[in-house]
Amino acid sequence: MRALVTGGAGFIGSHLCSFLLNKGYEVICLDNFFTGRRENIKHLTNNFNFELIRHDIVEPILLEVDQIYHLACPASPVHYQYNPVKTIKTSVMGTINVLGLAKRVKARILLASTSEVYGDPTIHPQKESYWGNVNPIGVRSCYDEGKRVAETLMMDYHRQNKVDIRIVRIFNTYGPNMLKNDGRVVSNFIVQALQGEPITIYGKGLQTRSFCYVDDLVNGLYAMMNQDNYIGPINLGNPEEYTIIDLAKMIIDITGSSSTLQYKPLPPDDPTQRQPDITLAKNILKWEPKVNVKDGLSRAVKYFRELLNEE
Ligand code: NAD
Ligand code: UDP
């Protein structure tokens with residue numbers, strides 16, 4: 001079995017590459033290193049079954065593979081808003097390119113979609129049947145609408161060309177290999193806490209997110225790819241839901257930091273609540289998260305502590 005992981009040098013992709021190599025796969029990691037790091041996959045480069053290709057998925061590519069995990073796309077608001085036109089090109093043209101590849105070589109393809117397709121949800125928790133509440137012209141749309149189109153493309157290639165697809169909607173995931181300047185809440189708070197800097201709370205901090213540890217997520221991606229009953233979309237996330245203030249307090253507690261809370265303006269269109277309904281994943285994939293948020297955060301703190309000590 002040979003798998004292509006686009007975005008394989010990124011946070012989730014690097015864990016997925018390791019996981020698949022451990023399962024005996026040949027793995028091709030494709031990345032343009034926009035937010036990915038060579039360090040994330042350094043430990044894999046001596047593995048005979050691992051290949052690394054520097055490539056921008058906006059350009060077509062032809063490879064012989066059996067399965068494609070399509071993760072290439074910046075995921076942090078800071079990074080996807082840095083060059084929004086490039087973000088939407090990555091989602092739309094990138095997904096067309098990997099779907100063309102899947103069609104040609106008859107590979108099964110899994111799209112890493114996102115809970116952002118639900119936008120600022122009016123239904124709570126979010127079920128897959130909910131169509132979402134996305135601002136089509138806001139600063140988050142390059143990412144949200146990009147992923148919505150990517151889902152559309154997956155479904156249309158499936159209906160029109162019989163491409164074998166899987167769609168996964170990932171909810172906020174965290175863990176080792178996130179960039180320290182990634183900009184997402186967990187890495188920001190941990191790095192700030194470890195450096196004794198103020199913890200930056202956007203808005204009142206009463207907005208909620210549900211946080212999934214990366215190992216659980218990777219197990220879910222693998223389970224979804226390797227079952228024959230359901231093409232998706234399926235939610236993958238940890239239903240443990242926290243306000244951003246509670247998350248900050250937990251991280252201060254775990255790190256033993258003396259950091260204070262600093263309130264900053266809420267970015268536009270920031271969703272007020274988010275929690276996955278994972279009934280489908282439980283029933284179809286027999287999957288559910290195993291790592292509770294406190295334990296997962298402790299592991300992430302250990303990673304960032306070592307990373308900061310190395311500098
Ligand atoms: P990440 O930014 O760490 O990883 C994305 C990877 O894609 C990086 O290695 C980056 O260099 C690469 N990339 C970006 N544009 C590319 C391009 N044009 N061509 C080739 N490579 C490109 O983010 P992540 O958290 O690991 O997210 C991985 C995937 O999962 C993304 O598609 C993201 O939308 C999705 N996702 C993640 C989360 C989360 O909480 N982490 C939640 C929902 C969805
Ligand atoms: N957030 C925050 N401080 C930060 C970074 C993020 O309060 O330093 C908030 C952000 O406004 C949002 C939540 O944390 O409400 C999650 O943000 P993130 O960028 O991690 O993910 P997303 O908004 O895409 O779910």
Side-chain angles (χ1 to χ4, degrees), residues 3-8 10-17 19-20 23 25 57 65-75 80 90-92 94-95 98-99 102 107-119 121 125-132 134 143-158 163-175 209-239 274-291:
L4 169 66
V5 180
T6 74
F11 158 51
I12 298 175
S14 56
H15 289 274
L16 180 61
C17 286
F19 178 95
L20 293 173
K23 290 262 179 214
Y25 279 70
I57 203 59
V65 292
D66 305 296
Q67 293 186 338
I68 302 168
Y69 290 87
H70 180 40
L71 275 63
C73 184
Y80 71 64
T90 296
S91 259
V92 177
T95 305
V98 285
L99 278 163
R108 179 174 290 180
I109 173 168
L110 178 147
L111 170 72
S113 185
T114 169
S115 54
E116 291 285 328
V117 300
Y118 302 125
Q126 294 78 53
K127 280 186 196 303
E128 292 83 347
S129 53
Y130 178 49
W131 288 358
V134 173
Y143 182 73
D144 301 8
E145 297 289 14
K147 290 285 185 180
R148 287 170 68 96
V149 173
E151 288 197 11
T152 307
L153 285 163
M154 293 284 288
M155 292 305 297
D156 282 333
Y157 269 77
H158 175 66
V163 173
D164 188 12
I165 63 156
R166 301 288 181 273
I167 301 173
V168 165
R169 292 183 180 152
I170 302 171
F171 284 64
N172 297 61
T173 299
Y174 68 95
R209 294 293 186 273
S210 304
F211 298 100
C212 184
Y213 190 69
V214 64
D215 289 356
D216 281 332
L217 196 266
V218 166
N219 280 323
L221 295 178
Y222 182 77
M224 183 60 178
M225 178 66 106
N226 294 294
Q227 53 77 37
D228 294 322
N229 301 319
Y230 193 61
I231 62 170
I234 203 159
N235 289 338
L236 290 182
N238 187 333
R274 198 182 284 147
Q275 185 191 37
D277 181 322
I278 58 166
T279 310
L280 271 185
K282 279 185 179 164
N283 290 342
I284 295 171
L285 309 180
K286 311 290 172 231
W287 174 89
E288 66 183 310
K290 302 235 174 337
V291 182

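Throughout, numbering of the chain's residues begins at 1 and tracks the sequence. A quick note: this is a predicted structure, and the numbers were derived from the prediction, not measured.
- Between Ser115 and Pro276 the shortest side-chain heavy-atom distance does not fall below 4.5 Å.
- How far CD1 of Ile109 is from CG of Asp66: 13.5 Å, rounded to the nearest 0.5 Å.
- Using modelled atom types, no side-chain atom of His70 and backbone atom of Leu110 make a donor-acceptor pair closer than 3.5 Å.
- The backbone N or O of Gln126 lies less than 3.5 Å from a partner atom in the side chain of Asn235, making a donor-acceptor pair.
- Distance alone, capped at 3.5 Å, places no donor-acceptor pair between the Ser14 side chain and the Ile12 backbone.
- A distance-only check finds no donor-acceptor pair linking the side chain of Thr114 to the backbone of Arg169 [under 3.5 Å].
- Using a distance-only test at 3.5 Å, with no hydrogens or angles considered, a donor-acceptor pair links the side chain of Gln275 to the main chain of Pro239.
- The shortest heavy-atom contact between Pro74 and Tyr80 is O-CB, 3.8 Å.
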Leu285/Leu236 under side chain to side chain contact (heavy atoms under 4.5 Å, CB included): CA gap, chis, key distance, verdict: CA-CA 10 Å; Leu285 309 180; Leu236 290 182; 4.1 Å; yes
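- Ring geometry for Tyr222 versus Tyr25: interplanar angle over 60°, hence perpendicular rather than tilted (30 to 60°).
- No donor-acceptor distance shorter than 3.5 angstrom exists from the side chain of Glu128 to the backbone of Gly232, with no hydrogens or angles considered.
- Taken from OG1 in Thr279 to CD in Glu288, the straight-line distance is 10.5 Å, to the nearest 0.5 Å.
- Residues Asp215 and Phe19 have side chains not in contact (no heavy-atom distance under 4.5 Å, counting atoms from C-beta outward).
- Between Pro125 and Asp277, the closest heavy-atom pair is CB-N, 4.0 Å.
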Apply salt bridge (charged side-chain N to carboxylate O under 4.0 Å, His left out) to Glu145 and Arg148, showing your working. CA-CA 5 Å; Glu145 297 289 14; Arg148 287 170 68 96; 3.5 Å; yes
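- Checking side-chain atoms of Arg108 against main-chain N and O of Met225 turns up a donor-acceptor pair under 3.5 Å.
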Evaluate side chain to side chain contact (heavy atoms under 4.5 Å, CB included) for Leu111 paired with Ile165, printing each intermediate quantity in order. CA-CA 8 Å; Leu111 170 72; Ile165 63 156; over 6 Å; no
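- The two residues Ala72 and Ile57 have their closest heavy-atom pair at CB-CG2, 4.0 Å.
- Across every non-hydrogen atom of Gly8 and Cys17, the tightest pair is O-SG, 3.8 Å.
- A distance of 10.0 Å separates CG of Asp144 from OG of Ser91, quoted to the nearest 0.5 Å.
- To the nearest 0.5 Å, the span separating CG on Asp156 from CG on Leu99 amounts to 10.0 Å.
- Within the 3.5 Å criterion, the main-chain N or O of Tyr118 finds no donor-acceptor partner in the side chain of Arg274.
- Side chains of Asn283 and Tyr230: no donor on one and acceptor on the other come within 3.5 Å.
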Could you please spell out the steps behind the side chain to side chain contact (heavy atoms under 4.5 Å, CB included) verdict for Leu20 and Tyr69? CA-CA 11 Å; Leu20 293 173; Tyr69 290 87; 3.6 Å; yes
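- Checked by atom type and distance alone, the side chain of Thr95 never pairs as donor or acceptor with a backbone atom of Val92 at under 3.5 Å.
- Of the possible donor and acceptor atoms, one in the side chain of Lys147 sits under 3.5 Å from a partner among the backbone N and O of Ala112.
- In this structure, NE2 on His158 lies 4.0 Å from CD1 on Ile231, to the nearest 0.5 angstrom.
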Under the side chain to side chain contact (heavy atoms under 4.5 Å, CB included) rule, what do Ile167 and Met155 come out as? Steps first, then yes or no, please. CA-CA 9 Å; Ile167 301 173; Met155 292 305 297; 3.9 Å; yes
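- For Asp216, the side-chain contact (heavy atoms from CB on, under 4.5 Å) partners are Cys212, Tyr213, Trp287, Pro289, Lys290, Val291, not counting sequence neighbours.
- Thr90 and Cys73 get closest at one heavy-atom pair: CG2-CA, 3.9 Å.
- Remark: Leu71 CG to Ile170 CD1 distance equals 6.0 Å, nearest 0.5 Å.
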